[in-house]
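From a predicted model like this one, the values you see are computed outputs, not experimental measurements.
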Amino acid sequence: MEKAQPAVLFDIDGTLIDSNYLHVHAWLRAFHEAVLPVQAWHIHRSIGMDGATLVDELSEGADDDVQKRLKDLHTRYYEAGGELLTALPGARQLLHRVAELDLQVVLATSAPENELAMLRSTLACDDLVSAISSSEDVEQAKPSPDIVNVALEKAGVTARDAVFVGDTVWDVEASARAGVPCIGVLSGGVSRGELEDAGAAAVFNDVQHLCEHLEDSPIAVLIGRR
């Protein structure tokens, strides 16, 4: 059997698509409607982690019915603002560049399927993607490594032949637990220092910046292993 090409795993929210603050707004409205006041900055700090964990922590362990209502409200408000979703500068260019280098483009996101469909439509690069893992594939999403491990399995590669690109400490922690180097980007609103302290192998301003400096990033190692 022919060996699979090395893979670059991508988070989507805040990494390829400008969506983190739409999530913050949707959650803020959801908690307000449920009469559970939560500050926006606290929500932002939780974006990117497993959705069930986010709701449980921010609601301080509210009962199941309340947590379900919060998730449903978030979905309603997030979908209502879907027209605001845009690909971040350099996102499509980077995916094309990775594919042109004969590396696999793999999406590994904590988003559920309904949100993933919106993100994929906005990104409009399905023809470049060789594999996708989402929260539907695992019992617990990031910072658990399960989504990363499933992505590796679907791509047919080991951690040695992969690099992860993400925007939150949850991405860095999940990839580290899977043994995959993580490149951080600042486009999700998390600071360089926090990403580095979490263990990011390199940090770039955004995926445009990464695309312009691939030779100075951990992706360069994968290019040599094709």
Legend entry - Closest approach of A87 to I17 (non-hydrogen atoms, all atoms of both residues): CA-CD1, 3.8 Å
Legend entry - Contact summary for Y78 and A26, nearest pair of heavy atoms: N-CB, 3.7 Å
Legend entry - D137 vs I147 side-chain heavy atoms within contact, under 4.5 Å: no
Legend entry - S135 side chain vs A111 backbone, donor-acceptor pair below 3.5 Å: yes
Legend entry - Exceeds 12 heavy-atom contacts within 6.0 angstrom, atom CD of E79: yes
Inset, instruction - Could you give me the CA-CA distance, side-chain angles and deciding distance for I12 and L116, then say whether side chain to side chain contact (heavy atoms under 4.5 Å, CB included) is met? - result: CA-CA 9 Å; I12 309 178; L116 178 57; 3.6 Å; yes
Inset, instruction - Indicate the atoms forming the closest heavy-atom contact of A162 with P181, along with that distance. - result: O-CD, 3.5 Å
Legend entry - Any L186 side-chain heavy atom under 4.5 Å of R192 side chain: yes
Inset, instruction - State whether the side chain of T122 and the backbone N or O of M118 hold a donor-acceptor pair below 3.5 Å, judged by distance alone. - result: yes
Legend entry - side-chain hydrogen bond (donor to acceptor under 3.5 Å, both in side chains) evaluation trace for D171 with T168: CA-CA 5 Å; D171 293 321; T168 70; 3.2 Å; yes
Legend entry - Neighbour count above 12 (heavy atom, 6.0 Å) for E153 CD: no
Legend entry - Non-hydrogen side-chain atoms of L70 and S59 separated by less than 4.5 Å: yes
Inset, instruction - Show your reasoning for whether side chain to side chain contact (heavy atoms under 4.5 Å, CB included) applies to L195 and F204. - result: CA-CA 10 Å; L195 293 171; F204 293 85; over 6 Å; no
Inset, instruction - Could you give me the CA-CA distance, side-chain angles and deciding distance for F164 and V148, then say whether side chain to side chain contact (heavy atoms under 4.5 Å, CB included) is met? - result: CA-CA 8 Å; F164 192 96; V148 181; 4.0 Å; yes
Inset, instruction - Say whether, by atom type as modelled, one donor and one acceptor occur between the side chain of D50 and the main chain of A141 under 3.5 angstrom. - result: yes
Inset, instruction - Using a 4.5 Å cut-off on heavy atoms from C-beta on, say whether the side chain of Q208 contacts that of Q93. - result: yes
Legend entry - Candidate list V98, V157, L101, V8, test side chain to side chain contact (heavy atoms under 4.5 Å, CB included), partner L222, passing option: V8
Legend entry - H74/F31 aromatic ring centres below 6.0 Å: no
Inset, instruction - Give the minimum heavy-atom separation between A151 and V106, together with the two atoms involved. - result: CB-CG1, 3.9 Å
Inset, instruction - In plain terms, say whether K68 and D64 are close enough for a salt bridge, that is, a side-chain N and a carboxylate O under 4.0 Å apart. - result: no
Inset, instruction - Please check if atom CD in E139 has more than 12 non-hydrogen atoms from other residues, nucleotides or ligands closer than 6.0 Å. - result: no
Inset, instruction - Give a yes or no on this: more than 12 heavy atoms of other residues, nucleotides or ligands lie within 6.0 Å of atom NE2 of H96. - result: yes
Legend entry - Verdict with supporting geometry, F10 and V129, side chain to side chain contact (heavy atoms under 4.5 Å, CB included): CA-CA 10 Å; F10 291 93; V129 176; over 6 Å; no
Inset, instruction - Report whether L22 and I43 are members of the same hydrophobic cluster (ILVMFWY, side-chain heavy atoms less than 4.5 Å apart, transitive linking). - result: no
Inset, instruction - Keeping the roles fixed (side chain from D161, backbone from T158), state whether a donor-acceptor pair exists under 3.5 Å. - result: no
Inset, instruction - Please check if the side chain of R92 supplies one atom and the backbone of C125 the other of a donor-acceptor pair under 3.5 Å. - result: no
Legend entry - Test item: V55 and W27 side chains (from C-beta on) under 4.5 Å apart, heavy atoms: yes
Inset, instruction - Report yes if some heavy atom in the side chain of L123 is under 4.5 Å from a heavy atom in the side chain of L95; otherwise report no. - result: yes
Inset, instruction - For residues R76 and R29, determine if any side-chain heavy atom of one lies less than 4.5 Å from a side-chain heavy atom of the other. - result: no
Inset, instruction - Kindly say whether G14 contributes a backbone atom to a donor-acceptor pair with the side chain of S187 at under 3.5 angstrom? - result: yes
Legend entry - Exercise: identify the closest heavy-atom pair between L28 and V38: CD1-O, 3.3 Å
Legend entry - Q104 side chain vs A155 backbone, donor-acceptor pair below 3.5 Å: yes
Inset, instruction - Taking all heavy atoms of I132 and all of R120, pick out the closest pair and write down the distance. - result: CD1-CZ, 3.4 Å
Legend entry - Pair E194 + R45, salt bridge at N-O below 4.0 Å: yes
Inset, instruction - Determine whether S144 and V138 make a side-chain contact, defined as any pair of heavy atoms from C-beta on separated by less than 4.5 Å. - result: no
Inset, instruction - Spell out, as yes or no, whether a donor-acceptor pair under 3.5 Å connects the side chain of S217 to the backbone of L214. - result: yes
Inset, instruction - Tell me, yes or no, whether the heavy-atom count around E83 atom CD, taken from other residues, nucleotides or ligands under 6.0 Å, exceeds 12. - result: yes
